[in-house]
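Read the structure below first, then the notes.
All heavy atoms count here, side chains included; hydrogens, waters and symmetry mates do not.
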Amino acid sequence: MTALPKTCQKKLGLVIDLDTCVGCHACVVNCKEWNTSNYGAPLSDTDAYGANPVGTFLNRVHSYEVTPAEGPAQTVHFPKSCLHCEDAPCVSVCPTGASYKRSEDGIVLVNEDDCMGCGLCAWACPYGARELDALAGVMKKCTLCVDRIYNENIPEEDRVPACVRTCPAGARHFGDLGDPESDVSKLVAARGGVDLMPEMETRPVNKYLPPRKKDELTKGEALAPKSTEPKGFLAWLDKALEAL
């Protein structure tokens, strides 16, 4: 079995804002593209354009309709990938040492050369965050794009996970959650970030920002216009058209 590091110098992870995620799946698509063309063996697809497509994904988005105790029902889009837990059971059950957690940054990875595809780590993960690639025969999981975040050959703004870089809503954030002064730690503190399934005692590094209560119009209420007359360029265009 694989031993977990006693301490980690950093706790790199994601903060996902459930209030702003729109469920567009851009993070899913870019994650698939990056991890198919770069790190490790490609993420396989079977019958991708057929009637029963099956594929390996490291990041998935689930959508739910929830009804708060107060307020109207709302749709919540819930992205899910490996949470890089501090007490990662997927690591401690691995019989070959293929699954391991790095002491320098806390990222949980799989050495695909040592993985025999037994699936024990998938059984141990309470979040269903691991997938056995049917064609490669090895276990796959989110790597936090370890081949991007330290790559000095790409622009600095691109040295974040592919899902973070591509999110059009700005719902995904990346950083050191072990540093209380980091932007992600401050965001978690300000918004009351939470662990996923804390009762499992895995101490996930990734955090979720809960959705905020949505405004509700009362019956017959309408939104008042902010301005009754055009301003700026629209005002000039309106006068120009009147002169024709």
Does a salt bridge link [X] with [Y], judged by any charged N lying under 4.0 Å from a carboxylate O?
X    : Y    : result
E112 : K140 : yes
E104 : K10  : no
D176 : K11  : no
D195 : R203 : no

Working for side-chain hydrogen bond (donor to acceptor under 3.5 Å, both in side chains), residues Y127 and S81: CA-CA 8 Å; Y127 308 110; S81 59; over 6 Å; no
Drop me the distance from [X]'s [atom1] to [Y]'s [atom2], to the nearest 0.5 angstrom.
X    : Y    : atom1 : atom2 : answer
I149 : D105 : CD1   : CG    : 6.0 Å
F78  : S63  : CZ    : OG    : 11.5 Å
S92  : D87  : OG    : CG    : 8.5 Å
T143 : R148 : OG1   : CZ    : 10.5 Å
H173 : C167 : NE2   : SG    : 7.5 Å
N206 : L14  : CG    : CG    : 4.5 Å

Residue pair [X] / [Y], side-chain heavy-atom distance below 4.5 Å:
X    : Y    : answer
K80  : H62  : yes
N111 : Y100 : yes
L83  : Y208 : yes
L58  : R130 : no
P95  : L120 : yes
S182 : K186 : no
C21  : P79  : yes
C31  : F57  : no

Spell out, as yes or no, whether a donor-acceptor pair under 3.5 Å connects the side chain of [X] to the backbone of [Y].
X    : Y    : answer
D19  : R212 : yes
N30  : A162 : yes
R165 : E157 : yes
R159 : Y150 : no
K101 : H84  : yes
D47  : V54  : no
S99  : C94  : no

Out of curiosity, does [Y] fall in the hydrophobic cluster containing [X] (side-chain heavy atoms, cut-off under 4.5 Å, transitive links)?
X    : Y    : result
L209 : F174 : no
L177 : V160 : no
L18  : M197 : yes
V61  : V76  : no
V108 : L4   : yes

Over all heavy atoms of both residues, which pair between [X] and [Y] is shortest? Give the atoms and the distance, please.
X    : Y    : answer
A122 : M139 : CB-CE, 4.0 Å
V93  : A124 : CG2-CB, 3.8 Å
P210 : G192 : CD-O, 3.6 Å
S103 : P5   : CB-CB, 3.9 Å
C85  : T202 : CB-O, 3.1 Å
P53  : A48  : CB-O, 3.6 Å

V110 and K141: CA distance, side-chain angles, deciding distance, side-chain contact (heavy atoms from CB on, under 4.5 Å) verdict: CA-CA 8 Å; V110 176; K141 61 175 297 299; 3.7 Å; yes
Classify the side-chain pair [X]/[Y] by whether it contains a donor and acceptor separated by less than 3.5 Å.
X    : Y    : result
S44  : D133 : yes
S185 : E181 : no
T166 : R172 : no

Over 12 non-hydrogen atoms of neighbours within 6.0 angstrom of CG in D183: no
More than 12 heavy atoms from other groups under 6.0 Å of CD on E156: no
Qualifying salt bridge (charged side-chain N to carboxylate O under 4.0 Å, His left out) pairs with a residue from residues 51-62, counting only residues at least two apart or across chains: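 Applying salt bridge (charged side-chain N to carboxylate O under 4.0 Å, His left out) to every pair that reaches into residues 51-62, excluding sequence neighbours, yields R60-E131.
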side-chain contact (heavy atoms from CB on, under 4.5 Å) evaluation trace for C142 with L144: CA-CA 6 Å; C142 164; L144 284 180; 4.2 Å; yes
